[in-house]
Number of protein chains: 2
Amino acid sequence: MKKRRVKLEDIARKLNISIATVSRALDKNPRVKPSTREKVFKTAEAMGYMPNQIAKSLSSGKTNIIGVIIPRYDEPFFIEVCRGIDHYAREHNYKILISSSRNSFEFERENLISYERGIVDGIILSPTHETETFTHIRSIIGKGIPVVLFDNIKEEVSGADHVLIEDDKASYEAVEHLIKTGRKRIAFVGGIKEKKVFQDRFKGYLDAMQANQIEVLDELILHCKSLDREFEDTEINEFLSNLPEFPDAIFTCTDNYGLLTMKTLLKMGYRIPDDVAVIGFGDLGLGEVFVPSMTCIAQPSFEMGQKVAELLIQQFNEPVDKNHRKKVVKLKTELVLRDST
Amino acid sequence: MKKRRVKLEDIARKLNISIATVSRALDKNPRVKPSTREKVFKTAEAMGYMPNQIAKSLSSGKTNIIGVIIPRYDEPFFIEVCRGIDHYAREHNYKILISSSRNSFEFERENLISYERGIVDGIILSPTHETETFTHIRSIIGKGIPVVLFDNIKEEVSGADHVLIEDDKASYEAVEHLIKTGRKRIAFVGGIKEKKVFQDRFKGYLDAMQANQIEVLDELILHCKSLDREFEDTEINEFLSNLPEFPDAIFTCTDNYGLLTMKTLLKMGYRIPDDVAVIGFGDLGLGEVFVPSMTCIAQPSFEMGQKVAELLIQQFNEPVDKNHRKKVVKLKTELVLRDST
DNA sequence: TATGATAATACAAACGTTTGCATTTTTTTA
DNA sequence: TAAAAAAATGCAAACGTTTGTATTATCATA
């Protein structure tokens, strides 16, 4: 005894009216008489009617779903952005379909293509470090599917709005803070070189050093290669253990690098901030808990998510294809001073 | 010049064959001649055909989407479970639609109902602490939609498989470990009393204490009320500051409670583990980084996600409604010993 | 070379909505 | 009270697939 779903037809039959009227009644279309509308609502309720979203979508060409592609789940930054997206999206009656590209360009492409099957109204994407060419994104946009990018954008794509923070500027400020508080020998711990955000953060570091006439020493620079938490630990460990002369400050490009650095330093017996100062990037909650608490560049991740969603939904509502000019939104960061500096 | 999507009809027209044949050809149905199949594939490729998933879903009654409802995003445990779900789901050609109930029963219900509109093939849910009654879930199941629950399950729902860990047993072991290493005055820091997992973890604590004839002192027990990171900090702070006589160990019910506790202890000048030992619950990465590193009950979150997804997909493939007997899967935890004990 | 068997293809209904237009009913007006 | 105007409803096509059954084309057989 498989129970069949109630559909408009069932309500129509029971009330001896047409499907069209039922549909309009439920829509509160003024073209149907209040009294019939009432009847329809009551019967729908009584019969346990639930509209079929798929049929609706087919008919209307809208699914009210936003596809989100992030490089990985286990990075609080991305989750926080998703939370922001979700927040804005729900308010505007959209749901989010999340998938991870697992730091792989191929996966990113596949995910994108799968979304092209019409299951989402638009796409929010943060490119992986592997993403060098943006033709897959251009192709999607060419098909009229709205796209918004955030973070780590290497290439300008016309038609793709994007949201980012000024990584170089943020780093510059942080490093300058270190210099202003008397640090001279400042090390850099960054991430994989292929990733634009890390390039920019590195640039900020270099610029600040040069602007203050401090020599940049290769031996004080680490670009972590790993994409995995454990290996990051090892890399940082080795880096710090093999330094010829010790730095008096370390600027790191993520919260996690910062924490791992602090951990290693403490284990090696250094005092923070007396011997070494440390700065992290992101400020997603952990820096505050660590002892000593960590000075961080605070990135407005939640807001970034909201903004990204806002731009996308704007695109939905724009007159189609009025050769959409790309919008770029830059969000402000803030240096949050804590005990580590 | 809005570009229209290529559909089966376009291919059919171009090749002068019927839509049905095109559909079957793309399906590699043996009923179509190899030579036409080839032609169809070539033309489809050339015209840039992309199947319309919505139309497919309407026709087939399957969306290949799994709906996931978690109480909150900013809890690494839930994200890790989602990652597990996603992992298993993708392998089986399902995508996941995530939403947060924001710790509210009302939101949970709304989300559930919105999924009832046929946009998902099945639902994975972790109930909020507010969820006392399970009629909304029963109702969904009654409509033939597969549901699997995980974590924090207060009530047995026939037809709803679920996956959990034995919270009481895990806590028992942890507290026993403290006792065995000579701790006597053991404090408890738990979460909101309404949440089943916290009830169970508290029970484990009580049982272990009683089994070892240690008196349970109310003054050493804290049930945090807040659902927000910041307030947790304050609560724990106050609790620890106002203790008449200090404990020599603190068992905490989440990683975050553990870390906040350690932070506060260190700030108050206590040495860990010499003066006080601390244990956390979850082991989602942070406990290892903190100095001193934190002993934790490791919860297999990723595996939990995989298992949950597996159970759901199993339900999809089962002969419908053979009055499905509920399956309960219990996953093992492990006590990971580190510097804090 | 007609005849049946088999292979290949086409037709049309179905999935559950929405919506432009036609039709019917009700109300207003002269 | 008949005609015109307005309101309410109904019909049927459309959204892009899948799939059971009917039809046509091809082939082997006698």
Side-chain angles (χ1 to χ4, degrees), chain A residues 2-41 43-44 47-65 116-121 143-145, chain B residues 2-41 43-44 47-65 114 116-121 143-144:
Chain A
K2 178 89 192 296
K3 46 196 75 164
R4 218 179 39 73
R5 248 183 115 102
V6 179
K7 48 184 171 173
L8 293 184
E9 198 188 335
D10 301 317
I11 303 177
R13 208 195 315 274
K14 171 156 281 182
L15 291 177
N16 246 318
I17 57 179
S18 75
I19 297 180
T21 303
V22 178
S23 171
R24 292 198 174 98
L26 291 173
D27 246 26
K28 303 202 174 157
N29 185 317
R31 270 171 58 187
V32 346
K33 187 160 51 170
S35 67
T36 37
R37 184 206 297 177
E38 294 244 324
K39 272 193 294 182
V40 170
F41 268 92
T43 322
M47 298 178 79
Y49 171 72
M50 265 286 147
N52 179 325
Q53 184 57 48
I54 299 296
K56 272 189 151 152
S57 296
L58 182 61
S59 181
S60 67
K62 291 227 13 155
T63 62
N64 280 282
I65 297 180
E116 208 184 311
R117 297 164 111 89
I119 214 160
V120 300
D121 290 340
K143 306 210 174 181
I145 303 174
Chain B
K2 178 89 194 289
K3 44 197 74 162
R4 222 179 34 75
R5 249 183 114 104
V6 178
K7 46 185 173 172
L8 291 184
E9 198 187 335
D10 302 315
I11 303 178
R13 208 196 313 273
K14 170 156 280 182
L15 292 176
N16 246 318
I17 56 180
S18 75
I19 297 180
T21 303
V22 177
S23 171
R24 292 200 171 96
L26 291 173
D27 246 27
K28 303 202 176 161
N29 185 316
R31 270 171 58 186
V32 346
K33 189 162 49 170
S35 67
T36 37
R37 184 208 295 175
E38 294 243 325
K39 272 194 293 181
V40 170
F41 267 91
T43 323
M47 298 179 77
Y49 172 72
M50 265 285 146
N52 180 324
Q53 184 57 47
I54 299 296
K56 274 189 147 147
S57 295
L58 180 60
S59 181
S60 68
K62 290 224 17 151
T63 62
N64 281 280
I65 297 180
S114 100
E116 209 185 310
R117 298 165 110 89
I119 215 161
V120 301
D121 290 340
K143 306 211 173 181

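Side chains included, hydrogens not; waters and symmetry mates left out as well; all remaining heavy atoms used. Quick note on labels: first sequence line is chain A, next is B, and so on, each numbered from 1. In this text, all values refer to a predicted model and were calculated from it rather than measured experimentally.
Among the heavy atoms of the strands lying under 4.0 Å from Asn16(A) are primed sugar atoms or P, OP1, OP2 only; no base atom is included.
Considering only residues two or more places apart in sequence or on other chains, Ile19(A) meets the side-chain contact (heavy atoms from CB on, under 4.5 Å) condition with Leu8(A), Glu9(A), Ala12(A). Asp10(A) pairs by the side chain to side chain donor-acceptor pair (under 3.5 Å) definition with Arg4(A), not counting sequence neighbours. With sequence neighbours excluded, the residues that form a side-chain contact (heavy atoms from CB on, under 4.5 Å) with Thr36(B) are Val32(B), Lys33(B), Lys39(B). For Ser57(B), the side-chain contact (heavy atoms from CB on, under 4.5 Å) criterion is met by Ile54(A), Gln53(B), Thr63(B), not counting sequence neighbours.
With a heavy-atom cut-off of 4.0 Å to chain A, the contacted part of DNA chain D has its first and last nucleotide at dA8(D) to dG16(D).
Between the side chain of Ser60(B) and the backbone N or O of Lys56(B), at least one donor-acceptor pair lies under 3.5 Å.
Within the 4.5 Å cutoff, side-chain heavy atoms of Ile11(A) are placed close to those of Met47(A). A heavy-atom distance below 4.5 Å is found between the side chains of Ile145(A) and Glu116(A). Annotation: side chain of Ile119(A) is in contact with side chain of Ile65(B) (closest heavy-atom distance under 4.5 Å).
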Grab the N/O contacts between the protein and nucleotides 21-27 of chain C below 3.5 Å, and write none if there aren't any.
{"from": "dC21(C)", "atom 1": "N4", "to": "Arg31(A)", "atom 2": "NH2", "distance (Å)": "2.5"}

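A residue-by-residue look at Pro51(A) and Ala20(B) shows that Ala20(B) has its nearest nucleotide of DNA chain C further toward the 5' end. A residue-by-residue look at Thr36(B) and Met50(A) shows that Thr36(B) has its nearest nucleotide of DNA chain C further toward the 5' end.
For the pair Asp27(A) CG and dT19(C) P, the interatomic distance rounds to 7 Å; values are reported in whole Å. The CG-C1' distance, from Leu26(B) to dT9(C), rounds to 15 Å in whole Å. The separation between Ile17(B) atom CD1 and dA7(C) atom P is 20 Å, rounded to whole Å.
Among all heavy-atom pairs drawn from Phe41(A) and Leu26(A), the shortest one is CZ-O, 3.8 Å. Counting all heavy atoms, side chain and backbone alike, Pro51(B) lies closest to Arg5(B) at O-NH2, 3.3 Å. Taking each heavy atom of Val40(A) and Ile17(A) in turn, the nearest pair found is CG2-CD1, 3.9 Å.
Rounding to the nearest 0.5 Å places OG of Ser59(A) at 11.0 Å from CG of Asn52(A).
For the contact set between residues 52-63 of chain B and DNA chain D, defined by any heavy atom under 4.0 Å, the members are Asn52(B), Ala55(B), Lys56(B), Ser59(B).
Inter-axis angle, ends of the helix from dT1(C)-dA30(D) to dA30(C)-dT1(D), five pairs per end, rounded to 10 degrees: 60°.
Here side-chain hydrogen bond (donor to acceptor under 3.5 Å, both in side chains) pairs that include residues 19-32 of chain B, with residues two or more places apart or in two chains, are Ser18(B)-Thr21(B).
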